[in-house]
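Keep in mind that the numbers below use all heavy atoms, side chains included, and drop hydrogens, waters and symmetry copies. All residue numbers refer to positions in the sequence shown, counting from 1.
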Amino acid sequence: MLPLQNVKVLDISQIMAGPYCTMVLADMGADVTKVEKIQGGDDSRQMGPYINDESTCFSQINRNKKSISLNLKDERAREIFYRLAKDADVIVENYRTGVTKSLQIDYDTIKAINPGIIYCSISGYGQTGPYSHRGGFDLVAQGMTGLMSMTGEKGRRPLKTGIAVYDIGAGITAVYSILAAYIHKTNSGEGQHIDIAITECGLPWFAWEAAAYFGEGTLPEPTGWRHRVSAPYQAVKASDGYIMLGCANQRTWERFCQDVLAREDLMEDPRFLTNSDRGQNVEELEAVLEAIMVDLGMNHWLELCDKAGVPAGPINNFAQAMQDEHYLARGMVQEMDHPVIGKMKTIGFPSKFSRTPSQIRSPAPLFGQHTDEVLDTLGISSEQLETLRAEGCIK
């Protein structure tokens, strides 16, 4: 039995933040029904690359779910949604603020039908505040929160992160918030509304930056390949490429000097005595290290670091990461059979449960694949289904 096996979720979100949240819930056993709009479904279905005309983007983030399609502008479709919502534990939506109210599927409407509902809204700026009417996307959030002012190299064009960190961050925030609300519901019987803003979810991650700014007014700046506090905690060049070196404390620095570089004299260099000294002289430190390390290859230095207990690793491209023996051994690459795409690989589960491990029980659904199956549970006859389908109420 999976930990969320008896939890019923209606997913009326699309693209990334909401679908990532509901995928994680589904991986842990929740019964997730994805309610897609009648014209084309989730917008990520129109995002390539495609295999046999099926979006691989959509397929990577919607496993373990069912798909139905409802035209929620149609009163009959809303009535179907209300019947599903009456039996649901959780609803996840990421419409622009105010749209669910106009569609009459907002929290207050659903709460009147199901007082115990946990209703999670994910939007760009949240349900309140002066920007609540605006649409928000990951890159907008990266700019607004200051993240892009810290990313890249000093004096150069601001850079985004390599992945949609705020979309995924909003999904993760939604997951733990929903689970906390579900525990509260278990204890009290009370449901509630959860309001998550993409432009806020990452701000609590800036712990060290907040310490510097609130403590002494220091603005974090881009540090490129280096850490802003510890040194050497950065990329360093070997003869055949770069490795990441993590000497984040004094003892690790000493092991690095003694057991990796065989240069104990560096420990006595007044420029490098303490972490603070090394940070203030990081460019000189980097030049000294690379003058030593550039003559030998990455594997040589990584093997020495491993033996010495000095954290270090390669800077992989994505293909190298997905072929790494450690990730493969820990099941971080999974394979599933998709009815259109065929055999496809996907990212595995980062949480390893000893008693209730997550499972891929089904691939991402085809558009509206389960409409008849789900609506049949409501007692809607095949004749009624055909009429609703012919009149554009369902897909």
J.: Can you list the residues that meet the side-chain contact (heavy atoms from CB on, under 4.5 Å) rule with Val7, with sequence neighbours excluded?
T.: Leu4, Val9, Ala30, Asp89, Val90, Tyr182

J.: Counting only heavy atoms not in Glu335, do more than 12 sit closer than 6.0 Å to its CD atom?
T.: yes

J.: Using a strict 4.0 Å threshold on nitrogen-to-oxygen distance, state whether Asp259 and Lys307 make a salt bridge.
T.: no

J.: Passes salt bridge (charged side-chain N to carboxylate O under 4.0 Å, His left out), Glu79 versus Arg76? Steps please.
T.: CA-CA 5 Å; Glu79 287 299 326; Arg76 294 168 298 175; over 6 Å; no

J.: Would you mind checking if Glu221 and Lys154 are paired as a salt bridge, meaning a charged N to carboxylate O distance below 4.0 Å?
T.: yes

J.: How are the rings of Tyr107 and His193 set relative to one another: parallel (under 30°), tilted (30 to 60°) or perpendicular (over 60°)?
T.: parallel

J.: May I ask you to check if Arg78 and Phe81 form a cation-pi contact, with NZ or CZ under 6.0 angstrom from the six-membered ring centre and within 45° of the axis?
T.: no

J.: Which residue, Thr161, Thr199, Thr151, forms the side chain to side chain donor-acceptor pair (under 3.5 Å) with Gln142?
T.: Thr161

J.: Residues two or more places apart in sequence or in another chain: which of them pass salt bridge (charged side-chain N to carboxylate O under 4.0 Å, His left out) with Glu36?
T.: Arg45

J.: Which residue pairs pass the ring pair (Phe, Tyr, Trp, His ring centres under 6.0 Å) test with at least one member in residues 223-264, sequence neighbours excluded?
T.: His227-Tyr233

J.: Enumerate the residue pairs fulfilling ring pair (Phe, Tyr, Trp, His ring centres under 6.0 Å) with a member in residues 22-43, sequence neighbours excluded, ordered by first and then second residue.
T.: none

J.: Under the rule for side-chain contact (heavy atoms from CB on, under 4.5 Å), what residues qualify as partners of Phe214, not counting sequence neighbours?
T.: Ala210

J.: Are Arg330 and Asp324 close enough for a salt bridge, meaning some N to O gap below 4.0 Å?
T.: no

J.: Under 4.0 Å between a Lys/Arg side-chain N and an Asp/Glu carboxylate O for Lys237 and Glu290?
T.: no

J.: Can you list the residues that meet the side-chain contact (heavy atoms from CB on, under 4.5 Å) rule with Tyr213, with sequence neighbours excluded?
T.: Leu219

J.: Looking only at the side chains, is there a donor atom on one of Arg63 and Gln334 sitting less than 3.5 Å from an acceptor on the other?
T.: no

J.: Among Lys34, Lys65, Lys37, exactly one meets salt bridge (charged side-chain N to carboxylate O under 4.0 Å, His left out) together with Asp42. Which residue is that?
T.: Lys34

J.: Taking Glu190 first and then Lys185, would you say they form a salt bridge - that is, a charged N and a carboxylate O separated by under 4.0 Å?
T.: no

